[in-house]
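Letters go in sequence order (proteins before strands), and every chain restarts at 1.
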There are 2 protein chains.
Amino acid sequence: MEYRFSNRALSAKPSRIREISARGAVDPEFISFAIGNPAYETFPVEDIRRCADLVYERVPKYALQYGPTIGDDGFRALVKERLQKVMGINPEGNDILVTSGSQQGLTLMPMTMANEGDIVLVEEFTYMGALSCMRGMCTRPVGVKVDEDGINLEALEEACIEAKKYGATISYLYLIPNFQNPMGVCLPLEKRKKILELASKYDFMVYEDNPYGELRYSGEHIPALKALDTEGRVVYAGSFSKILASGIRLGFICASEAVIAKMSALKGNLDSGSPVSSSLIARYFMEEGKLDPHVEKTCALYAKKRNAMVEGLDKYMSSKCTKTNPEGGMFLWVTLPEDADADAVFEACLENHIGVIPSSCFAPDEEKPGKAFRLCFATPTLEEIELGCKRFGDVTKKFFGE
Amino acid sequence: MEYRFSNRALSAKPSRIREISARGAVDPEFISFAIGNPAYETFPVEDIRRCADLVYERVPKYALQYGPTIGDDGFRALVKERLQKVMGINPEGNDILVTSGSQQGLTLMPMTMANEGDIVLVEEFTYMGALSCMRGMCTRPVGVKVDEDGINLEALEEACIEAKKYGATISYLYLIPNFQNPMGVCLPLEKRKKILELASKYDFMVYEDNPYGELRYSGEHIPALKALDTEGRVVYAGSFSKILASGIRLGFICASEAVIAKMSALKGNLDSGSPVSSSLIARYFMEEGKLDPHVEKTCALYAKKRNAMVEGLDKYMSSKCTKTNPEGGMFLWVTLPEDADADAVFEACLENHIGVIPSSCFAPDEEKPGKAFRLCFATPTLEEIELGCKRFGDVTKKFFGE
C-alpha cells in the first residue's frame, strides 16, 4: 500500500556514513577516518561489568521497575557536582534531566522549545545527528559562517537581523563550543560572552552541546557558556559516551528548572525514562573516584592519536589543502582548494581504501555542500592513522600537487 | 525569563497518577490500586542479573559501543519467531524495530505517520501515556464508544464519516485489543476483522498496542489484528515490561518493512538506538528457554490476583456500580451510577486510604470525563486486594447504598 508518511518522516535522509561504512565492510584493506565512535580500548570493561552487577546486588527492585522519568537522584546530584567542578556551572536554579545518550537532547530541544517552521541557527557545518533531529521536528536549520576560532559573530548577528526582516522566529542557536564536530574548532571566552549578549538582544536560546568538553589535550580550559549564563538562556547537554562508554546510552541536560520540567514531561513520551541501570553504572563508577583518572587516561591516548594525525597530514598532505588544529575532541577538518572537485576527491579516497566524510553531510544547506572532509582520529589505531594519512595525502597530492 | 515553549510542550499535562502516588507516599495506611506497574515479585531477578553479566562476558565490545539503531539482529529474529508462534503473525514482509519500552512506539507512530492536526481515533477511554504522545505530536485524539466487547463498530464508522465531512485526516486508529488499559475489555475475532475492513475502506492505519497479550488467565486466545492484516495497515507494538521487567525498557514494533525503515530513521533522532544490553538480556533469557515458563508463572500469580479482586468487589461493592470482567491483563473498570459525583467518590476513596484512577485521566475529550475508575490488580498483594476492595466497596455503599 501507499503510506501517508508524515512531513517529519519525509525529512529523514539516508545516512551517508552508513553508505561509507558499507563500502568499508566489503573492503578488507579499508581504513576508516569516517566513523566517529570512541575508541573501544578506552572502555573500562571490567569496571563497568562489576558496576552493572552491583546494580542487581544492591537495588534490583529499583533497577527492574519503572523509574523516575527525570532520572536517578543520586546520579543527577553527582552530575551537578561534576558540572560545577569541571565546567564552572552554578547548580543554583538549574536542574538535571538524564537522557538516553546526548542524542535524545538533540530531539528534546526542538521538541520543547521550537514550533514547526522555526529557525535554528547552527554552525556552517555541524553534527549531522543534530541536523537530523531539527529536521525531524520540522524546524529550519540555518548555517552561520565559522572561523578558525568558531562561529563568526558578525555573521551571527546578521542572521538575527535577516530572520527578523522576514518575520522568522529564531528558536535557538545550536553550538558545539569545544572541539566542534566536524571542524574541531574551539570558541574562545570572549566569543562565548558575546554570543550570550546576542542571545539576550535577539531573544533566542542557546543549546550548548558539549560531548567532547573533557577531552582536551592542549591549551587552556574555557568555561562553558552555561557557566556564563545569567538569564537561563543556555541549555547544556553532556554525554558519558565519550568518557565512559557509548553503549550504555547515557547523557544529560542541565538547564533552568522550568525548562527541565517541560523537557522531562516530553521525555516521558519518548521512553518513560532511561534505564536506571545505566545511570547507576556511571554513578558507582564516579562514587569509586574512577572517572577522573579514567578521563585522564583517555585524553592521553587521544592526544597521541591527534598528534599522529596532525604529523601524518603535515607529512603527506598536499600543501594546497588546509587543516584545523584541534586542541581536543575527536575530529580534524581538511579543506580542499576552492576549485577542487570534492566528489571526485572523495571517490578517489574510497578507491585508495581510506574513508573520510564529505562536508556535504554536515551542511544545513544542501546548496552549500562545501569542499572539505571530516577526519576522525579517535577510532583508528596509531598504525591505521599513519597509513591512512599516507593514503589520504597521496590522493590530495594526485589532485592538487605537492 | 519568559520561555517560548513549543505547542508540543504546552500540550503536556501534569500527571494525575503522580499526584495520587504523592498522596499515597505520605499515608502509611494507603493501598494503591492506582499505579499500573507489573508486580515486582514476577521479576526473575537472579536470571536477569546472570544474563546481564553474560553480556559483558560474551560481547563487551558490542554492548559498550554504539549499536545498530534498529536493534540487535539475534533478538529481532527471536521476536519474529515468538510473534509467529504466540500471535500468529506472518514474518514475511514484516520487520522488527527494537524500542526503548513500548512507550517509545507511542511517540514513533504519530511522529512517523501523522502530521500536526491529524486525527487519531482511540477508544472512549484509553492509556493516558498514549494520549500524551499523540498530544505531544500535536495530533488530535478522538474517542470512540466502547462496549463490553471493545470498540463499537458503528461508532467507529460514524467517526470516519464525520471526519471526512469536516475534511479531517484520520491518520490511524489506536487500539489495545487485549485486556484494554484502562477498561480490561478484549476484542473478539469478528470485530478485529471488521476493523480491518473499515481501515481499508476509510484508508487509515491501525496501531495495535499489545503489552498484555500474553497475560491471559481465562478464555481463548484471539489472533492479533496484525495476524489478519493483508495490506500492511497494522503496526503492532509489543513489550517486555510485563513479561520480563519494565526497568530494562525493552519493547518492539512489528510492521511492514517500509514503515519500519522510516520509524527506524526517526528513532535514530530519539536515542540513536536502545541499549544493546537490554535486548541481549532478553535474548539470552529466551535462548535458555526460560520465557515461556516464566510467563506461565506470571499468569498464575496474576490470575489469583484478578480472582481476588473480582471476588472482593462482588462481596463489598455497591450493586449500583458495574465492573468489567477481564480475562487477562492488569486492570478492571468500575462504572458508577449515571448520577454519581465521581470527584466526590474519588476524594472519599483517598480519605479511606485507597487509591484508584478516575476515568477523566483516560479521556481523550476533557468534556467527557466519564464516571468510572481503573483498578489495578497486578501490583498489590492478595492481602492488599482483599482490604482495598473492602475500603473501595465501603465508599461505594456510602454513596450508592447496598
Option that, when pairs with chain B are counted at under 4.5 Å, heavy atom only, ranks first among [options]:
options	result
Ser11(A), Ala114(A), Gly105(A), Ala12(A)	Ala114(A)
Ile48(A), Ile35(A), Asp53(A)	Asp53(A)
Lys262(A), Glu231(A), Met205(A)	Lys262(A)
Gly273(A), Gly232(A), Ala265(A)	Gly232(A)
Glu46(A), Lys267(A), Met113(A)	Met113(A)
Pro38(A), Ala63(A), Ser277(A)	Pro38(A)

Relative to chain A, which of Gly247(B), Ala245(B), Ser100(B) shows the most heavy atom pairs under 4.5 Å? Gly247(B)
Can you tell which part of [X] gets under 4.5 Å to a heavy atom of chain B, answering side chain, backbone, both or neither?
X	value
Ala52(A)	side chain
Glu57(A)	both
Thr99(A)	neither
Pro110(A)	backbone
Thr112(A)	both
Thr230(A)	neither
Leu106(A)	neither
Phe43(A)	side chain
Lys61(A)	both
Val259(A)	both

Taking all non-hydrogen atoms of both residues into account, name the closest pair between Arg4(B) and Ile170(A) and its distance. NH2-O, 3.1 Å
What is the distance from atom CG of Leu266(A) to atom CZ of Phe5(B), rounded to the nearest 0.5 Å? 10.0 Å
Value rounded to 0.5 Å, distance of CG in Leu270(B) from CG in Leu270(A): 5.5 Å
Using a 4.5 Å cut-off on heavy atoms from C-beta on, say whether the side chain of Ile248(A) contacts that of Leu64(B). yes
Under the side chain to side chain contact (heavy atoms under 4.5 Å, CB included) criterion, do Met1(A) and Arg233(B) qualify, and how do the steps go? CA-CA 8 Å; Met1(A) 67 174 281; Arg233(B) 286 196 182 274; 3.3 Å; yes
Would you mind writing out the side-chain donor-acceptor pairs for residues 128-139 of chain B within the sub-3.5 Å range, not counting sequence neighbours?
| unit_1 | atom_1 | unit_2 | atom_2 | d |
| --- | --- | --- | --- | --- |
| Ser132(B) | OG | Asn269(A) | OD1 | 2.6 |
| Arg135(B) | NH2 | Pro364(B) | O | 3.4 |
| Thr139(B) | OG1 | Met134(B) | O | 2.9 |

Tell me if a side-chain donor or acceptor on Ser6(A) pairs with a main-chain N or O of Met111(B) at a distance below 3.5 Å. yes
Evaluate the criterion side chain to side chain contact (heavy atoms under 4.5 Å, CB included) for residue pair Arg8(A) and Glu116(B); output intermediate values, then yes/no. CA-CA 10 Å; Arg8(A) 292 177 283 251; Glu116(B) 294 198 351; 3.9 Å; yes
Can you tell me which portion of Asp118(B) sits under 4.5 Å from chain A's heavy atoms? Options are side chain, backbone, both or neither. neither
Checking Thr69(B) against chain A: side chain, backbone, both or neither under 4.5 Å from a heavy atom? side chain
Between the side chains of Tyr3(A) and Ser256(B), is a donor N or O closer than 3.5 angstrom to an acceptor N or O? yes
Side chain to side chain contact (heavy atoms under 4.5 Å, CB included), that's the test. Do Val55(A) and Arg49(B) meet it? Break it down for me. CA-CA 9 Å; Val55(A) 172; Arg49(B) 181 177 179 181; over 6 Å; no
Return each pair, listed once, that meets side-chain hydrogen bond (donor to acceptor under 3.5 Å, both in side chains) where at least one residue sits in residues 241-253 of chain A; pairs must be two or more places apart or across chains. Ser239(A)-Ser241(A), Lys242(A)-Tyr66(B), Ser246(A)-Gln65(B), Arg249(A)-Ser272(B)
Are more than 12 heavy atoms from other residues, nucleotides or ligands located less than 6.0 Å from atom CZ of Arg140(A)? no
